[in-house]
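Below: one structure, written as structure tokens.
Hydrogens, waters and symmetry mates are skipped; everything else that's a heavy atom, side chains included, is used. By convention in this document, chain letters (A, B, ...) are assigned in the order of the sequence lines, proteins followed by strands, and residues within each chain are numbered from 1.
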Amino acid sequence: MPELPEVETVKMGLKRLLPGLVVTNVKHDWPKSFPNTKAEVGEFLIGATIIDVRRRAKVLMIDLSSKYSLVIHLKMTGQLVFRGKNSFGAGHPTDSLIGKLPDKSTRVSITFKNSERLYFNDQRKFGWMRLMPTIEISNIDFMRKVGPEPLEPDFSANDFIKRLHKRKNSKIKAVLLDQTIVAGVGNIYADESLFAAKIHPFSQVSAIPQSRLKILHQELRAVLFLSIKKGGSTDRNYVDALGRRGSYIDFALVFRKENQPCPTCGHEIIKIRVAGRGSHICTHCQKLYKRSRN
DNA sequence: CACTTGACCTGTCCGC
DNA sequence: TGCGGACAGGTCAAGT
């Protein structure tokens, strides 16, 4: 499930591969995955040159010379995989987890002038890609409401705490997952950062001491930075722009570690449900800050 | 208004 | 071996 580090990894890969390429053909089968009309594609995508690749929260943007952009959300099982003569510049073809493309999960294929290709695969069809004017991206509802980038140098602990308190009556995990509070955090990094900060995910925001939230701010950033360094987490589906897995999951302390000993204290890690999500915790290390009832 | 739950999907896994 | 159902979780819409 692509979260900030995974989307950032894909972005860095595509930014190295795509700029300068000219689109010659586009194939798409599933309208929800790519809702644009043939006319729009013909006018603003075919023949356009790729200028830049950007990320905001978990959203990718591929900017085109037509002043349009491809805006992409990978949601749970989306993949963007590039195939071409430069695809293996940073690794070896056998590093790829993906076989022959297109495959049955391919929703969109974009062909470039030199016959290189970019594939948008999405098993569960939750993800989407759409072509729209670049200047209108900031008007998308999601973009208007999304919170700050947690890895920006000016994202301070005070900002973080202030924003968390917008939902002071909610469980801390639900708030971390709320994209309008902080951008880019999903289930993996919520669990890992809460464990590192020794906070039980069920804790009510207003009951957690400021000093603890300050540590959470620090740990969240540390976890996200480390994951980018490791190329993200390949839990089941995620791959980078060259189809390779990320290795952060090998460094995870609690995520998907139920029934295993806590690396800190040895108590068994358990899996519970918080805010409708599977959550991995050590009840011995992670303190539950309860509501104070007034 | 604040907050929680369900829908969108398909592949995988578990129990019978 | 086959089959039904639970489960995975990002985001938006609908519900409490």
| task | Would you indicate what Gly278(A) reaches in the nucleic acid, counting non-hydrogen atoms under 4.0 angstrom: base, sugar-phosphate, or nothing? | result | sugar-phosphate
| query | How close or far is atom C1' of dG10(C) from atom CG of Leu176(A), stated in whole angstroms? | reply | 15 Å
| remark: On a heavy-atom basis, the closest approach of Val146(A) and Gln179(A) is CG2-O, 3.4 Å
| request: Can you label the angle between the Phe160(A) ring and the His217(A) ring as parallel, tilted or perpendicular, going by 30° and 60°? | output: tilted
| request: Check the distance between dG10(C)'s P and Ile181(A)'s CD1 and give it to me in whole angstrom. | output: 16 Å
| Between Glu149(A) and Arg55(A), is the closest basic N to carboxylate O distance under 4.0 Å? | yes
| What is the distance, rounded to the nearest whole Å, between atom NE2 of His280(A) and atom C1' of dC7(C)? | 12 Å
| Between Glu192(A) and Phe255(A), is there a donor-acceptor pair closer than 3.5 Å when you use the side chain of the first and the backbone of the second? | yes
| field | Between dC7(C) (C1') and Ile272(A) (CD1): distance, integer Å | value | 17 Å
| message | With rounding to the closest Å, how many angstrom separate the P atoms on dC12(C) and dG11(B)? | response | 25 Å
| query | So where does chain A start and stop touching DNA chain B, 5' to 3', when the test is distance under 4.0 Å to a non-hydrogen atom? | reply | dC3(B) to dG11(B)
| query | For Tyr238(A), which contact category applies under a 4.0 Å heavy-atom criterion: base, sugar-phosphate, or nothing? | reply | nothing
| query | Relative to Tyr248(A), does Lys230(A) satisfy both conditions: NZ or CZ under 6.0 angstrom from the six-membered ring centre, and within 45 degrees of the ring's axis? | reply | no
| request: Looking at every strand, decide which applies to Gly186(A) at a 4.0 Å heavy-atom threshold: base, sugar-phosphate, or nothing. | output: sugar-phosphate
| query | With rounding to whole Å, what would you report as the distance between dG6(B) and dA6(C) at their P atoms? | reply | 13 Å
| Salt-bridge present (Asp178(A), Lys166(A); N to O < 4.0 Å) | no
| Would you say the side-chain atoms of Ser193(A) pair up with the backbone N or O of Ala190(A), donor to acceptor, closer than 3.5 Å? | yes
| field | Atom CD of Glu43(A): over 12 foreign heavy atoms under 6.0 Å | value | no
| task | Drop me the distance from Leu14(A)'s CG to Met61(A)'s CE, to the nearest 0.5 angstrom. | result | 12.5 Å
| Touch class at under 4.0 angstrom, heavy-atom based, for Arg273(A) against every strand present | sugar-phosphate
| Protein proximity profile, nucleotides 11-16 of chain C - base contact B, sugar-phosphate-only contact S, no contact -, cut-off 4.0 Å on heavy atoms | BS----
| request: Scan every strand shown for a Watson-Crick or G-U wobble partner of dG11(B), both distances under 3.5 Å, and answer none if you come up empty. | output: dC7(C)
| For atom C1', what is the distance between dC13(B) and dG10(C), given to the nearest Å? | 22 Å
| field | Distance in angstrom units between Asp191(A) CG and dA8(C) C1', rounded | value | 13 Å
